[in-house]
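Remarks on the structure that follows.
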There are 2 protein chains.
Amino acid sequence: MYFFPVMITSDALQGIPTYLPKYQPALAVFTCQTHKSSCYRLSKRFIPGSTSTEQWRHYIAMALNMNTMRNSNSKMMRSSRTCVVVRSVAAVERGTVNVQRNENFAKLRAGYLFPEIARRRRAHQDANPDAKVISLGIGDTTEPLPQYIADAMAKAAAGMANREGYSGYGAEQGQGSLREALANTFYPNLRVPDEIFVSDGSKCDIARIQMMFGAKATVAVQDPSYPVYVDTSVMMGMTGEYNNAGFDNIVYMECKPENNFFPDLSKMPRTDIIFFCSPNNPTGAAATRAQLTELVNFAKKNGSILVFDAAYALYITNPDCPRSIFEIPGAEEVAIETCSFSKYAGFTGVRLGWTVVPKALKYADGTPVWNDWNRMMTTCFNGASNIVQAGGLACLQPEGYKEMISLIEFYKENATILLAAFKEMGFKVYGGNDAPYVWVGFPGKASWDVFAEILQKCDIVTTPGSGFGPAGEGFVRASAFGSRENILEAVRRFKVAFGK
Amino acid sequence: MYFFPVMITSDALQGIPTYLPKYQPALAVFTCQTHKSSCYRLSKRFIPGSTSTEQWRHYIAMALNMNTMRNSNSKMMRSSRTCVVVRSVAAVERGTVNVQRNENFAKLRAGYLFPEIARRRRAHQDANPDAKVISLGIGDTTEPLPQYIADAMAKAAAGMANREGYSGYGAEQGQGSLREALANTFYPNLRVPDEIFVSDGSKCDIARIQMMFGAKATVAVQDPSYPVYVDTSVMMGMTGEYNNAGFDNIVYMECKPENNFFPDLSKMPRTDIIFFCSPNNPTGAAATRAQLTELVNFAKKNGSILVFDAAYALYITNPDCPRSIFEIPGAEEVAIETCSFSKYAGFTGVRLGWTVVPKALKYADGTPVWNDWNRMMTTCFNGASNIVQAGGLACLQPEGYKEMISLIEFYKENATILLAAFKEMGFKVYGGNDAPYVWVGFPGKASWDVFAEILQKCDIVTTPGSGFGPAGEGFVRASAFGSRENILEAVRRFKVAFGK
């Protein structure tokens, strides 16, 4: 910010705009001057870029009026000639266009969590070039794709060079065969293919879901939870400003060891939308059938829409924890479910997910949410890659499905190893049984400090709990996605640094 | 809509909510009754779903008050006891949740253009099972992928089954090698890799661009133009309602033969955003260097952001027509450019595009648009498929590039054949020289009627011009994407039906 002097009087308004650089918002200082007295400050005001002469006249009149009201009895203001002077202008920064930045983006915090972690990791690596950094940070799959599934995509890609194998635009909602396989595999007797929309991933679908609901919807999230729910709410204008405790107008449903990681719904206010992820990222807690029934009933009572994120459903071991919200009777009238091949088949870089929107779910005016979602997907999306969809279909055929489950088992073993190690070291540790995440408590410590300490001492990247919401403070998340070698080495380093 | 009788008096408000199904908006008819006279209607009112007793009390009091004001002197209103009765309620339809539908989606017209065309095509095929329908409708590529490019993707997919070839999450902005190749190929000495964001396609990027700009931005589009600009503007709430002439609060910049398909900018009001596609879809008109210079100057003068859609740039033959807006000096301070492999390399189903956001482009408050776009892409997107990016990279290597250009040449020959045929038949016809689209005039006819007539007579699907905006009325678009056999057969059928 820099100041430059200007001198504009209320008598010489005509020339104002030429004094100021175009498209430059500015902090103007208004002073008052009579022909008898010297100047004193009336007010200061933020002036948008490209303010017209007419608007300047208005600002000056306001500065004068406010002062007149305050000093209506003073001698000075009754003097014969009063003149407002804009004495100086602080230029904030110059834009190249006169388009106001979307105010919702200004509310967002510095960066999306994982790019920020990547930045800190690079800084650590730069400072310690020989360090062999192990990432238990972002939940990024590391193991090669199962052969059958990779082959299916290789074959689809090669086939695109022949007339028989080539395909152009497909249905934006996904290939019929894949939608059918998804319905048969994950929602037998629960949902039909027509309600399943294939996409390039759950994260992208969540952003589209928010664009569909629009700025006026109110939102609740588990606290802690996947940051995309909150960040996209902010982007769409569903929230207020950021305070230390989170964003205004978002309901944070605290999930802590004290409540067994399930929110006390009796204390929660109504919102239009409730994001709920089970097994939860980052805590690794899977909700039971009784808990999900309570959640569905809560949504029904309030007339809310539940956006259920089941991205880790196949990691569930506990038979009492449903793998789909649609296992709860009546959920189809209140819930959307989103899911992904990312953590099932190692598709984090391949990109394939799906979202289920039951036709029975209807807005207050009776419009099926399905209608708007279909419009959303056909207008703002153009289908997942046909090559990638061939991979998704392979995942759901007997051989591919077997491979996929083996891959999940492998990562679950990693989680078991991490969980056991942290327990052995005496930490309060959660998750890991029904999810690829282990949630480690560091009571009384700031989680970014713990993140930094672990990175410094162990050359291991974790994820600071506070990145997932206020209730994540005092925890870090360790991801079970890694080679066995790395997981064992990470455990060894943890024990050296933190073991008794 | 159905009516059901209720009888709620202002004396018995307590029981109201139980009379009405929950979450059911309704049209309530209020009547007035005194102990001396019989009922007459006071007012009717739309009641939102789940109206509380308190709100009902308010509505009833208003109905009574309004009437009292109107009839303050009448004998009846001065009678001792007056009572409002809700006599009947028309239920609109029952929602399963009490979430209001996003009003912006309600503004949208029936369906996105191309699904609507697909629906009509299916209906025609069902009615004429033996018809060999040829599509010159949606601009969907038909020719197999070039060998080198398909091989690169097949190799990448197969490699994912090995530790060396496997990759998980990539940079959301795209692989460094691909961003660099895009910069070197399409923007040498103009833009740097860091300004190029790889995505799953231009259509998806346009939706994200709109979400970034937010609801308060004002928008101008070429008329006619690709429907996604308008539809996403409506979804984001940038527009008013639909009228016969288009949506309120969108500036339609008429592009007709009369103005050589370039808008008269001297008559155009300022908007925050200007969508401009050259070569244009659907008219096939490519803007000259002089015209684009005028456009950039217009944006500069108004402080507007230009969203330049260059999806067909490589189809340009005319050396006077730039292939990127960044060839115009100073454009980097006002323009974003979006582009795609869809029509270059037959990637319509493969899904790969990119958007260029210069760091020099800054909002009025000085924030680089790049910052918010980067936040958008890292939060609402997770990178294009790594397998597909390998295909994009192959397109930009010497062998792949040669193949890609041959493919474009092939479709351009199709366009030449179509253009010549329509000229021979005596139509007023445009485009086709610098674009894969031919724009055929049917003056005085409604373009959906022409669409239906061509489908009926020729079993050929076109695209009705009015689907691209009000100024498209009286035209249909014929796409040059098709096998040579189909294009020649289409020409033969056209000549039978419409030839002299």
Side-chain angles (χ1 to χ4, degrees), chain A residues 23 25 49 93-102 105 112 115 140-141 144-145 147 150 153-154 157-158 160-163 166-170 200-201 203-204 207 211 213-214 231 272 303 305 333-334 348-351 361-367 372 378-382 385-388, chain B residues 23 25 49 93-102 105 112 115 140-141 144-145 147 150 153-154 157-158 160-163 166-170 200-201 203-204 207 211 213-214 231 272 303 305 333-334 348-351 361-367 372 378-382 385-388:
Chain A
Y23 316 134
E93 201 187 339
R94 185 171 186 164
T96 58
V97 291
N98 191 23
V99 176
Q100 301 303 314
R101 183 186 185 197
N102 182 347
F105 275 67
Y112 176 61
D140 191 8
T141 50
L145 284 195
Q147 195 67 50
M153 288 193 281
M160 291 280 287
N162 311 312
R163 197 163 287 281
Y166 182 78
S167 60
Y169 289 122
D200 62 331
K203 189 189 190 191
C204 316
M211 190 165 159
F213 287 140
D231 284 2
D272 290 325
I305 294 175
E333 289 200 351
V334 291
T348 45
V350 174
R351 313 303 313 138
L361 170 61
K362 292 177 183 178
Y363 287 119
D365 73 350
T367 307
D372 285 355
T378 52
T379 305
C380 298
F381 182 63
N382 230 336
S385 172
N386 45 18
I387 296 169
V388 173
Chain B
Y23 314 137
E93 200 186 341
R94 185 172 187 164
T96 58
V97 292
N98 192 24
V99 176
Q100 300 303 313
R101 183 185 183 195
N102 182 345
F105 275 67
Y112 176 61
D140 190 8
T141 50
L145 283 194
Q147 194 69 50
M153 288 194 281
M160 291 281 286
N162 310 313
R163 197 163 287 281
Y166 182 77
S167 59
Y169 288 123
D200 62 330
K203 188 191 191 191
C204 315
M211 191 165 159
F213 288 140
D231 284 1
D272 291 324
I305 294 175
E333 290 199 352
V334 291
T348 43
V350 174
R351 310 304 313 139
L361 171 62
K362 292 176 184 178
Y363 286 118
D365 72 351
T367 307
D372 285 356
T378 52
T379 306
C380 299
F381 182 62
N382 231 335
S385 173
N386 44 18
I387 296 169
V388 172

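In the text below, chain A, chain B and the rest are named by the order of the sequence lines, each starting its count at 1. Owing to the predicted nature of the structure, the values given are computational and were not obtained by experimental measurement.
Looking at A:Phe381, the atoms closer than 4.5 Å to chain B (heavy atoms on both sides) sit in the backbone and in the side chain alike. Of the two parts of A:Val350, the backbone and the side chain both hold a non-hydrogen atom closer than 4.5 Å to a non-hydrogen atom of chain B. Both the backbone and the side chain of B:Asp272 come within contact range of chain A, judged by heavy atoms closer than 4.5 Å. Proximity to chain A involves both the backbone and the side chain of B:Val334, based on heavy atoms less than 4.5 angstrom apart. B:Ser167 touches chain A through its backbone: at least one of N, CA, C or O sits under 4.5 Å from a heavy atom, while the side chain does not. B:Tyr169 touches chain A through backbone and side chain together, each having a heavy atom under 4.5 Å away.
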B:Met211/A:Cys380 under side chain to side chain contact (heavy atoms under 4.5 Å, CB included): CA gap, chis, key distance, verdict: CA-CA 11 Å; B:Met211 191 165 159; A:Cys380 298; over 6 Å; no

Verdict with reasoning, A:Thr367 to B:Phe105, per side chain to side chain contact (heavy atoms under 4.5 Å, CB included): CA-CA 11 Å; A:Thr367 307; B:Phe105 275 67; over 6 Å; no

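Rounding to the nearest 0.5 Å gives a distance of 15.5 Å between CG of B:Asn98 and NZ of A:Lys362. Once rounded to the nearest 0.5 Å, the distance linking OH of A:Tyr166 with CG of A:Asn386 reads 8.0 Å.
Across A:Gly168 and B:Asp140, no two heavy atoms sit closer than the pair CA-OD1, 3.3 Å.
Most heavy-atom pairs under 4.5 Å with chain A, from the set B:Ser385, B:Ala158, B:Ala207: that is B:Ser385. Ranked by heavy-atom pairs under 4.5 Å with chain B, the list A:Gly170, A:Gly201, A:Ala157 is led by A:Ala157. Chain A forms the most heavy-atom pairs under 4.5 Å with one residue out of B:Val388, B:Asp200, B:Asn102, B:Asn382, and that residue is B:Asn382. Heavy-atom pairs under 4.5 Å with chain A peak, among B:Gly214, B:Ala161, B:Ala150, at B:Ala161.
A donor-acceptor pair is defined here as one N or O able to donate and one able to accept, closer than 3.5 Å; such a pair exists between the side chain of A:Thr96 and the backbone of B:Glu333.
Between A:Arg101 and B:Asp372 there is a salt bridge, since at least one side-chain N of the basic residue sits less than 4.0 Å from a carboxylate O of the acidic one.
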